[in-house]
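Below is one structure, written out as structure tokens, with a few remarks after it.
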Amino acid sequence: NVAQSILDARGINYGVEISRAMTEATKRYKIEGEIITLIDDIPIKNIDDAKRVMASRRYEDALKITFVNKKGETHSYIFR
């Protein structure tokens, strides 16, 4: 979970902070320190939400993740 002060600074109410890229393919996006707020348009309020959403999908499905960066800007990536 993310400290409330970080959420406040970015203008959001919830999310999970990325501490490191999980795969070689995602390293190119430089998402460390960004906060995931949605996976496939489902709100992610804690790591258990993220695990639940990821467990409910197939590996080969496209994955849309919405992030908020350190400037408070929101952006989404679709991973295949």
Side-chain angles (χ1 to χ4, degrees):
N1 293 343
V2 183
Q4 189 62 47
S5 60
I6 294 173
L7 296 174
D8 291 344
R10 297 189 195 189
I12 55 178
N13 296 317
Y14 57 84
V16 174
E17 188 171 8
I18 302 294
S19 59
R20 63 182 171 85
M22 297 300 293
T23 67
E24 288 299 317
T26 59
K27 283 183 181 179
R28 68 185 169 127
Y29 293 98
K30 302 195 185 315
I31 57 175
E32 293 84 5
E34 296 198 5
I35 297 173
I36 295 174
T37 56
L38 302 167
I39 298 178
D40 291 338
D41 297 320
I42 299 168
I44 302 300
K45 297 182 179 181
N46 54 52
I47 194 65
D48 291 331
D49 287 346
K51 289 177 181 179
R52 180 180 42 77
V53 171
M54 295 302 289
S56 69
R57 48 187 319 285
R58 296 179 308 163
Y59 177 79
E60 61 273 6
D61 292 341
L63 176 67
K64 179 183 175 186
I65 302 180
T66 302
F67 301 91
V68 176
N69 66 20
K70 293 178 181 177
K71 296 178 183 179
E73 301 166 331
T74 300
H75 55 100
S76 298
Y77 291 121
I78 296 177
F79 298 96
R80 298 189 185 272

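The figures here come from the full heavy-atom set of this structure, side chains too, leaving out hydrogens, waters and symmetry mates. The shown structure was predicted, so the numbers you read here are calculated from the model rather than taken from an experiment.
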Quiz prompt | Pairwise side-chain contact, T74 with T66, heavy-atom cut-off 4.5 Å (strictly under) | solution = yes

Quiz item: H75 versus E34: any side-chain heavy-atom pair under 4.5 Å?
Solution: yes

In Å, rounded to the nearest 0.5 Å, how long is the span from [atom1] of [X] to [atom2] of [Y]?
X	Y	atom1	atom2	answer
I39	S56	CD1	OG	9.5 Å
I42	M54	CD1	CE	11.0 Å
Y14	L38	OH	CG	5.0 Å
Y77	I31	OH	CD1	8.0 Å

Self-check item: Candidate list I65, T37, D49, test side chain to side chain contact (heavy atoms under 4.5 Å, CB included), partner I44, passing option
Solution: D49

If you look at every heavy atom in [X] and [Y], which pair is closest and at what distance?
X	Y	value
E32	S19	CG-O, 3.9 Å
I78	A62	CG2-CB, 4.1 Å
V16	I47	CG2-N, 3.6 Å

Practice problem: Answer yes or no: is there a donor N or O on one side and an acceptor on the other, between the side chain of R57 and the main chain of D61, under 3.5 Å? | Solution: yes

Quiz item: Side chain of N69, backbone of K71: donor and acceptor closer than 3.5 Å?
Solution: yes

Quiz item: Does I12 sit in a hydrophobic cluster with other residues, and if so which ones, taking ILVMFWY side chains as linked at heavy-atom separations under 4.5 Å, directly or through other members?
Solution: V2, I6, L7, I35, V68

Quiz item: Relative to the ring of F79, is the ring of F67 parallel (under 30°), tilted (30 to 60°) or perpendicular (over 60°)?
Solution: perpendicular

